[in-house]
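Starting from 1, each residue takes its place in the sequence as its number.
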Amino acid sequence: MPATSDAISADPVLQQLVEQFHRSESDDEDGLYSDAIRLALAARWLRLRSNGQNQPVDGLQQWRLKRVTAYIDKHINEAISLADLAQTAGLSRMYFAARFRAATGLRPHDYILRRRIERAKELLLQNEQSLVDVALDVGFQTQAHFTTVFKRLEGTTPGRWRVANYQPVQ
């Protein structure tokens, strides 16, 4: 663990608490505010120190992440619950959700939506399947929901995207 002055300069919360403590010493007649700042400083210092000694691993282990993403890809056309993903990873739902987000930067639901849209784009380019069939093939319950999510992530509707990206085979 770094020296106290190093930890204070590295942590903006500790810096603010120290500044508040120095200001409070002259203004605090009964010492209650100063005592509260001291307790906050001690709590923060202990938290930083314990984090330095027992650093949690960010994200899922690579093998768990691969297992979960393979499950998502295999079941992309079905309803996929957080419980399903957590069970696939062998973790509790809440722990899995936090570790998945740390590993991917996305909540599991958002990741699934993005994978569904990526698969839909492949289908839109491959054939002339109707939009409702594409929506159902990638796990959306309705074409309206599919269109809403597609537009939010891609900036255009699936039909317009298909027209703009269609390349006839020569």
Side-chain angles (χ1 to χ4, degrees), residues 1-2 7 10-17 40 43-170:
M1 185 69 192
D11 185 57
V13 174
L14 275 177
Q15 288 174 353
Q16 290 294 320
L17 287 169
R44 183 67 180 184
W45 173 251
L46 289 172
R47 177 155 189 222
L48 289 173
R49 188 163 180 202
S50 70
N51 283 347
Q53 292 173 353
N54 189 14
Q55 196 73 4
V57 176
D58 282 346
L60 292 172
Q61 292 109 335
Q62 196 62 34
W63 67 271
R64 289 185 200 264
L65 185 59
K66 284 182 183 179
R67 182 184 286 180
V68 168
T69 56
Y71 179 89
I72 291 169
D73 289 340
K74 183 177 179 182
H75 299 277
I76 198 76
N77 61 335
E78 303 169 15
I80 301 172
S81 70
L82 180 60
D84 295 333
L85 299 177
Q87 183 178 13
T88 300
L91 302 169
S92 72
R93 288 184 328 201
M94 297 314 292
Y95 186 77
F96 166 76
R99 297 298 91 211
F100 186 88
R101 187 172 188 170
T104 63
L106 296 169
R107 296 178 307 153
H109 179 71
D110 293 335
Y111 181 87
I112 292 168
L113 288 178
R114 288 180 187 271
R115 287 297 302 135
R116 286 186 168 150
I117 295 305
E118 290 303 313
R119 178 68 183 129
K121 287 168 37 179
E122 293 170 11
L123 293 174
L124 289 169
L125 291 177
Q126 285 178 2
N127 55 42
E128 292 299 318
Q129 222 178 347
S130 70
L131 294 179
V132 70
D133 288 337
V134 170
L136 295 174
D137 283 351
V138 296
F140 287 96
Q141 298 297 309
T142 66
Q143 181 182 346
H145 186 223
F146 168 60
T147 300
T148 300
V149 172
F150 194 100
K151 187 170 184 179
R152 186 178 75 225
L153 295 178
E154 296 299 320
T156 188
T157 64
R160 289 185 181 147
W161 187 91
R162 175 186 262 170
V163 169
N165 292 282
Y166 179 73
Q167 297 176 357
V169 177
Q170 296 177 0

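The shortest heavy-atom contact between Phe100 and Val68 is CE1-CG1, 4.0 Å. When all heavy atoms of Leu85 and Ile80 are compared, the pair lying nearest together is CD2-CG2, 3.6 Å. Of all the heavy atoms in Pro158 and Phe146, the pair that sits closest is CG-CE2, 3.4 Å. Closest of all the heavy-atom pairs between Arg162 and Gln129 is NH2-O, 2.8 Å. Across every non-hydrogen atom of Pro108 and Ala97, the tightest pair is CG-CA, 4.2 Å.
Expressed to the nearest 0.5 Å, how far OG of Ser81 lies from CZ of Arg93 amounts to 8.5 Å. If you take CZ on Arg99 and CG on Leu91, they are separated by 10.0 Å, rounding to the nearest 0.5 Å. Here the straight-line distance linking atom OG1 of Thr88 with atom CZ of Phe96 works out to 8.0 Å at 0.5 Å rounding. Separation of atoms OG (Ser130) and CG (Leu136) is listed at 8.0 Å; rounding is to 0.5 Å. In this structure, the separation between CG on Leu131 and CH2 on Trp161 is 11.5 Å, given to the nearest 0.5 Å. Rounding to the nearest 0.5 Å places OG1 of Thr148 at 11.5 Å from CG of Leu113.
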| task | Decide yes or no on side chain to side chain contact (heavy atoms under 4.5 Å, CB included) for Glu128 and Tyr166, but give the supporting numbers first. | result | CA-CA 10 Å; Glu128 292 299 318; Tyr166 179 73; 3.9 Å; yes

| task | Determine, stepwise, if the pair Phe140 / Thr147 fulfils side chain to side chain contact (heavy atoms under 4.5 Å, CB included). | result | CA-CA 10 Å; Phe140 287 96; Thr147 300; over 6 Å; no

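Under the salt bridge (charged side-chain N to carboxylate O under 4.0 Å, His left out) criterion, Glu78 pairs with no residue at all, not counting sequence neighbours. Qualifying side chain to side chain contact (heavy atoms under 4.5 Å, CB included) partners for Leu153, counting only residues two or more places apart in sequence or in other chains: Arg114, Ile117, Val149.
By the 4.0 Å N-to-carboxylate-O rule, Arg119 lies close enough to Glu122 to be salt-bridged with it.
Formation of a donor-acceptor pair under 3.5 Å by the Arg107 side chain with backbone atoms of Arg101 is not found in this model. Side chain of Asp73 to backbone of Ala70: no donor-acceptor contact under 3.5 angstrom is found. Remark: the backbone N or O of Ala89 is paired with a side-chain donor or acceptor of Arg64 at under 3.5 angstrom.
A side-chain contact (heavy atoms from CB on, under 4.5 Å) with Phe150 is found for exactly one of Leu124, Val138, Thr157, Val134, namely Leu124.
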